[in-house]
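Single-structure report; data block below.
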Amino acid sequence: MDRIRIVGGQELRGVIPISGAKNAALPLMIASLLTDGKLTLENVPRLADVNMLIRILGNHGVDHTVNGKRIGDEPYAGQTLHLDARNIVDTTAPYELVSRMRASFWVVAPLLARLGVAKVSLPGGCAIGTRPVDFLLMALEKLGAEIEIDSGYVIAKAPNGLKGAEIDFPKVTVGGTHVALMAASLAHGSTLIKNAAREPEVVDLADCLIKMGARITGAGTSTIEIEGVTRLSGATHSVLPDRIETGTYAMAVAMTGGDVVLENTRPDLLQAALDVLEQTGTSVTTTNTGIRIRRNGGGIQAVDVTTDPFPGFPTDLQAQFMGLMTRARGTSRIKETIFENRFMHVSELARFGAHIRLEGDTAIVDGVDKLKGAPVMATDLRASVSLVIAALAAQGETIVNRVYHLDRGFERLEDKLVACGAIVERLSSGEG
Ligand code: UD1
């Protein structure tokens, strides 16, 4: 199993190209199941989760071809993925595949909407809280699906097609909104989604569906209207920049000090997080191609943060921000409102000498002057990168074990950091 070795204490200086967003690429790839035309996705990141979803789609009969540039090629662009779901050979998504990645459960919506039937294993994914799918199933039932749960599988049927309806989510859910958007696009009549997620990835999916012929208005607000159509066609769409990757590197620079331009990204995708970073004493400016992050000399100020659905501070940056706060001047209170138990990084950060205590849904971080490198273990995708952030500023050597979590969501993390002066290397299985 790969590990990453980091020697802390180097400032980051240079340019980091930001990849396409994992959390947009996944629902966009799943949307290929809605059409017998060819869906071409550009700027798709090279990630383990993307490869896993290609396998899952392949199991349903989706053909794929890939081409594109690699990091280091000029100009930087992600891969281009051509997906062709003309011949669906299987409407079952088996446990062995779905249990590896939670988002793959969303295939239930396009399979049901286009073929009238889907059998999908209940999901797995990151171990952060219980993460049920009740709202997703509620949305499909509102659209007229018959849902049965049998031996760990959801069996959804709509032999006469789905029917437009009003779906009012009791809580903001990104996955629920994706599922409702895809299913309603091919339903008979109109659908109103209330309390819809406003995340940029929802807007990206809606933009792509519109290119495919869907009739959607209001994506990016809490109320989305969809007028169902009988058929969707192929399209070409470029995946939006990864706001979580952007925020992660911004926090890494705030942590080590230095001066880095994050390229191919946009501040409006993560304004709440950038505002918080400025309060910590980090300079954030917009450039023609991205965002410039600088911190010189002065220390890191402690700031309190509460995670919220977009446009609030993202839960997917909570662990990274906690990493930053471990070295702040003063005390920071970090409240997690989206997922319970999303604090697995706390005990690992403590191994660097961080002072963090938990009070229910809030972590109280007393900043310390120095962190010391340590062997640590990646527990989930975002938690693991908070350990990298701590390691970049810690004295001495850190070994991060179980980096497969990082490979799920961060494209060539070590290359991007090394290009900015960090001392980071991957130790392949059996090495070092
Ligand atoms: C997506 C993101 C994930 C991010 C999360 C919140 C992807 C691939 N993943 O996850 O990185 O952290 O949004 O921004 O895009 N809930 C229920 N019942 C449901 C569905 C959700 O109770 O049926 C709860 C969840 O447990 C959680 C909250 O609603 O407390 C929000 O979850 P949701 O927005 O659905 O997260 P995901 O779409 O799974």
Side-chain angles (χ1 to χ4, degrees), residues 6 8 10-23 45 76 199-200 240-305 307-308 310-328 332 334 345 365 381-393 406 409-422 424:
I6 300 172
Q10 311 296 315
E11 288 194 338
L12 295 174
R13 289 185 185 277
V15 174
I16 297 181
I18 297 301
S19 300
K22 170 181 88 75
N23 284 357
Y76 172 76
E199 268 66 4
L240 96 166
D242 196 316
R243 63 194 167 100
I244 304 305
E245 191 196 24
T246 306
T248 299
Y249 288 119
M251 286 178 199
V253 179
M255 182 69 156
T256 62
D259 186 346
V260 170
V261 174
L262 305 172
E263 251 179 8
N264 312 331
T265 187
R266 303 196 326 250
D268 59 294
L269 298 174
L270 71 160
Q271 200 54 59
L274 295 177
D275 290 347
V276 168
L277 268 187
E278 285 198 305
Q279 290 172 43
T280 69
T282 308
S283 151
V284 178
T285 47
T286 306
T287 71
N288 286 341
T289 54
I291 306 170
R292 182 174 177 192
I293 308 289
R294 274 175 295 170
R295 192 176 65 76
N296 297 316
I300 303 163
Q301 299 303 317
V303 181
D304 295 343
V305 148
T307 63
D308 266 317
F310 192 84
F313 188 97
T315 175
D316 286 351
L317 286 175
Q318 181 255 104
Q320 297 87 317
F321 186 70
M322 196 182 300
L324 176 62
M325 288 295 98
T326 60
R327 283 195 64 225
S332 159
I334 301 176
H345 40 287
V365 188
L381 175 52
R382 310 304 179 185
S384 48
V385 83
S386 75
L387 306 177
V388 172
I389 289 177
L392 288 172
L406 281 174
F410 290 91
E411 180 171 356
R412 305 306 297 170
L413 172 109
E414 62 273 28
D415 293 349
K416 292 188 185 188
L417 288 172
V418 165
C420 290
V424 181

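FYI, side chains are in, hydrogens and waters are out, and symmetry mates aren't considered; it's all heavy atoms of this structure. Nothing fancy with the numbering, it's 1 onward along the sequence.
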| Within the side chain of N264, is there an N or O that forms a donor-acceptor pair under 3.5 Å with the backbone of T289? | no
| task | Evaluate the side chain to side chain contact (heavy atoms under 4.5 Å, CB included) criterion for residues L317 and V305: first the C-alpha distance (whole Å), next the side-chain angles of each, then the deciding distance (0.1 Å), finally the verdict. | result | CA-CA 11 Å; L317 286 175; V305 148; over 6 Å; no
| task | Any chance you could measure D242, atom CG, to D316, atom CG, to the nearest 0.5 Å? | result | 9.0 Å
| How far does CD1 of I291 sit from CG of L274, to the nearest 0.5 angstrom? | 5.0 Å
| field | Min side-chain heavy-atom separation M255-T326 under 4.5 Å | value | yes
| task | Side-chain contact test, heavy atoms from C-beta onward, threshold under 4.5 Å: evaluate it for L406 versus V388 and give yes or no. | result | yes
| remark: Here the gap from L12 atom CG to T256 atom OG1, rounded to the nearest 0.5 Å, amounts to 3.5 Å
| said: Going by side-chain hydrogen bond (donor to acceptor under 3.5 Å, both in side chains), name the residues that satisfy it together with N288, two or more places apart in sequence or in a different chain. | reply: none
| task | Measure across A383 and A319 and return the closest heavy-atom pair with its distance rounded to 0.1 Å. | result | CA-CB, 3.9 Å
| task | Heavy atoms only: give me the nearest P314-A273 pair and the separation to one decimal. | result | CD-CB, 4.4 Å
| task | Can you run down the salt bridge (charged side-chain N to carboxylate O under 4.0 Å, His left out) pairs that involve residues 261-277, sequence neighbours left out, and say none if there aren't any? | result | R266-D268
| task | Supply the atom-to-atom distance R243 CZ to L269 CG, rounded to the nearest 0.5 angstrom. | result | 7.5 Å
| Which pair of non-hydrogen atoms, one from L392 and one from A422, has the smallest distance, and what is that distance? | CD2-CB, 3.8 Å
| task | Walk me through it: do Q318 and H345 pass the test side chain to side chain contact (heavy atoms under 4.5 Å, CB included)? | result | CA-CA 10 Å; Q318 181 255 104; H345 40 287; 2.9 Å; yes
| field | Worked verdict on L417 versus Y249 for side chain to side chain contact (heavy atoms under 4.5 Å, CB included) | value | CA-CA 9 Å; L417 288 172; Y249 288 119; 3.8 Å; yes
| said: If the threshold is 4.0 Å, N to carboxylate O, is there a salt bridge linking E11 and R295? | reply: no
| query | Is D259 paired with R292 through a side-chain N to carboxylate O contact shorter than 4.0 Å? | reply | yes
| query | Are any non-hydrogen side-chain atoms of M325 and I300 less than 4.5 angstrom apart? | reply | yes
| Residue from V15, V253, I16 passing side chain to side chain contact (heavy atoms under 4.5 Å, CB included) with C420 | I16
| field | D308 and F313, any side-chain heavy atoms less than 4.5 Å apart | value | no
| request: Starting at CG of L277, measure out to CD of Q301 and round the result to the nearest 0.5 Å. | output: 13.0 Å
| field | Any donor-acceptor N/O pair, E245 side chain to S19 backbone, under 3.5 Å | value | yes
| task | Decide yes or no for F410 and L381: does some side-chain heavy atom of the first lie under 4.5 Å from some side-chain heavy atom of the second? | result | yes
| query | Side-chain contact, heavy-atom cut-off 4.5 Å: R382 with I244? | reply | yes
| Is T285 close to R294 at the side-chain level, that is, under 4.5 Å between some pair of heavy atoms? | yes
| task | Can you see which heavy atom on T246 is nearest to which on L262, and at what distance? | result | O-CD1, 3.5 Å
| What heavy-atom pair brings A21 and P45 nearest, and what distance separates the two atoms? | C-CG, 4.3 Å
| note | In this structure, OG of S386 is separated from CE of M251 (nearest 0.5 Å) by 11.0 Å
| message | Is the shortest side-chain heavy-atom distance between S332 and F321 below 4.5 Å? | response | yes
| message | Ignoring hydrogens, what is the shortest heavy-atom contact between I389 and G323? Give both atom names and the distance. | response | CG2-C, 4.5 Å
